[in-house]
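No hydrogens, no waters, no symmetry mates; every other heavy atom, side chains included, goes into these values.
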Amino acid sequence: MPLISGLGPHTVRSDPDLAICQQWIAMDVEHRQLLAEWGTLEGWLIKNRRWFRLSPDERAAVPEGARFSQIEARLDELETESHVLLKAMRPAPAKSVEAVIANLSVAGRLIFEEDHPEAHGLIVRAVRDLAKLSAPK
């Protein structure tokens, strides 16, 4: 199942630019999931292990601290990798409606609804409308 709404899996596989968008969105999904886990774990560590009062050596001895470190390391990797993919997306003009949908899908994830509800809503609607208008009849 594609992560970009309105695009079939064959469409994404056959266009490298669409595949880059698909990969970026998959990484963004993982990033958001890890951020949620990180926040939950950090809260638990603060409450149950007095996390911010521990020295680096003491933190390393906390079993849950290992997962916390793993999450932080993966978040750093995702940040770096996603910037590389974003740079790869920018120079190439869209060659199809599907590519426009993919680029707007990425833009919709870059603009947080909480920060810019109007812009986010317009992008989400444009993705939906373009997918609907370009669907075979």
Side-chain angles (χ1 to χ4, degrees):
M1 178 117 218
L3 292 171
I4 302 170
S5 69
L7 302 181
H10 174 71
T11 304
V12 173
R13 282 194 303 267
S14 65
D15 185 332
D17 293 332
L18 296 178
I20 289 172
C21 290
Q22 180 84 357
Q23 184 180 1
W24 186 91
I25 289 173
M27 290 171 53
D28 187 58
V29 167
E30 180 184 0
H31 187 266
R32 290 174 191 226
Q33 290 169 342
L34 286 172
L35 279 177
E37 183 182 352
W38 183 86
T40 300
L41 183 55
E42 182 183 46
W44 187 90
L45 287 165
I46 290 167
K47 181 178 178 184
N48 296 293
R49 299 287 193 250
R50 301 176 313 137
W51 189 246
F52 290 119
R53 294 182 184 175
L54 300 177
S55 71
D57 289 338
E58 291 171 323
R59 286 183 182 188
V62 174
E64 298 83 5
R67 177 63 184 148
F68 194 71
S69 294
Q70 290 171 345
I71 292 170
E72 285 184 326
R74 181 62 182 147
L75 287 171
D76 289 344
E77 289 172 4
L78 288 169
E79 186 78 21
T80 300
E81 292 170 13
S82 70
H83 283 298
V84 169
L85 290 175
L86 282 173
K87 285 182 182 180
M89 284 180 225
R90 281 190 233 151
K95 295 178 179 132
S96 66
V97 173
E98 290 83 6
V100 173
I101 291 169
N103 284 310
L104 284 171
S105 295
V106 169
R109 296 184 75 84
L110 286 169
I111 296 176
F112 292 104
E113 184 175 9
E114 300 81 23
D115 295 336
H116 304 283
E118 296 84 7
H120 184 269
L122 287 169
I123 292 169
V124 169
R125 190 181 81 214
V127 167
R128 184 189 63 231
D129 293 349
L130 282 169
K132 191 174 185 178
L133 289 170
S134 65
K137 298 183 182 36

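Nearest heavy-atom pair, V62 versus L54, reported as atom, atom and distance to 0.1 Å: CG2-CD1, 3.8 Å. Across all their heavy atoms, P91 and P93 have their closest contact at O-CD, 3.3 Å. When all heavy atoms of D15 and S96 are compared, the closest pair comes out as OD2-OG, 4.4 Å. Minimum heavy-atom separation, I111 to H120: O-CD2, 2.9 Å.
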Legend entry - Worked check of side-chain contact (heavy atoms from CB on, under 4.5 Å) between R128 and K132: CA-CA 6 Å; R128 184 189 63 231; K132 191 174 185 178; 5.6 Å; no
Inset, instruction - Start with the C-alpha gap between W38 and Q70, add the side-chain angles, then the distance that decides, and say whether side-chain contact (heavy atoms from CB on, under 4.5 Å) holds. - result: CA-CA 10 Å; W38 183 86; Q70 290 171 345; over 6 Å; no
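Of the possible donor and acceptor atoms, one in the side chain of N103 sits under 3.5 Å from a partner among the backbone N and O of A99.
Cluster annotation: L34 is not connected to F112 through the hydrophobic network of ILVMFWY side chains, with a link wherever side-chain heavy atoms come within less than 4.5 Å. L78 and I25 fall within the same hydrophobic cluster, where Ile, Leu, Val, Met, Phe, Trp and Tyr residues are linked whenever their side-chain heavy atoms come under 4.5 Å apart, directly or through other members. Residue L130 is grouped with residue V127 when hydrophobic side chains (ILVMFWY) are merged at heavy-atom distances under 4.5 angstrom, including chains of intermediate members. Side-chain heavy atoms closer than 4.5 Å link hydrophobic residues (I, L, V, M, F, W, Y) into clusters, and following such links, possibly through other members, connects L75 to L86. Connection of W44 to I46 is established within a shared hydrophobic cluster, with ILVMFWY side chains joined at heavy-atom distances below 4.5 Å, either directly or through further cluster members.
Applying the side chain to side chain donor-acceptor pair (under 3.5 Å) test to S55 and every residue at least two apart in sequence or in another chain returns E58.
Classification of the F68-W51 ring pair by plane angle, with boundaries at 30° and 60°, yields perpendicular.
One distance of note links CE of M89 with CH2 of W24; it measures 6.5 Å at 0.5 Å rounding. Note that NE2 of H31 is 11.5 Å distant from CD1 of I71, once rounded to the nearest 0.5 Å. Separating the CD atom in E98 from the CG atom in D17 is a distance of 12.0 Å, to the nearest 0.5 Å. For the atom pair SG of C21 and CG of D28, the computed distance is 12.0 Å after rounding to the nearest 0.5 Å. R67 contributes atom CZ, which lies 12.0 Å from atom CG of L45 (distance to the nearest 0.5 angstrom). Once rounded to the nearest 0.5 Å, the distance linking CG of L110 with CD1 of I123 reads 8.5 Å.
The neighbour count for R74 CZ, taken as heavy atoms of other residues, nucleotides or ligands under 6.0 Å away, is above 12.
The shortest distance between side-chain heavy atoms of P16 and I20 does not fall below 4.5 Å.
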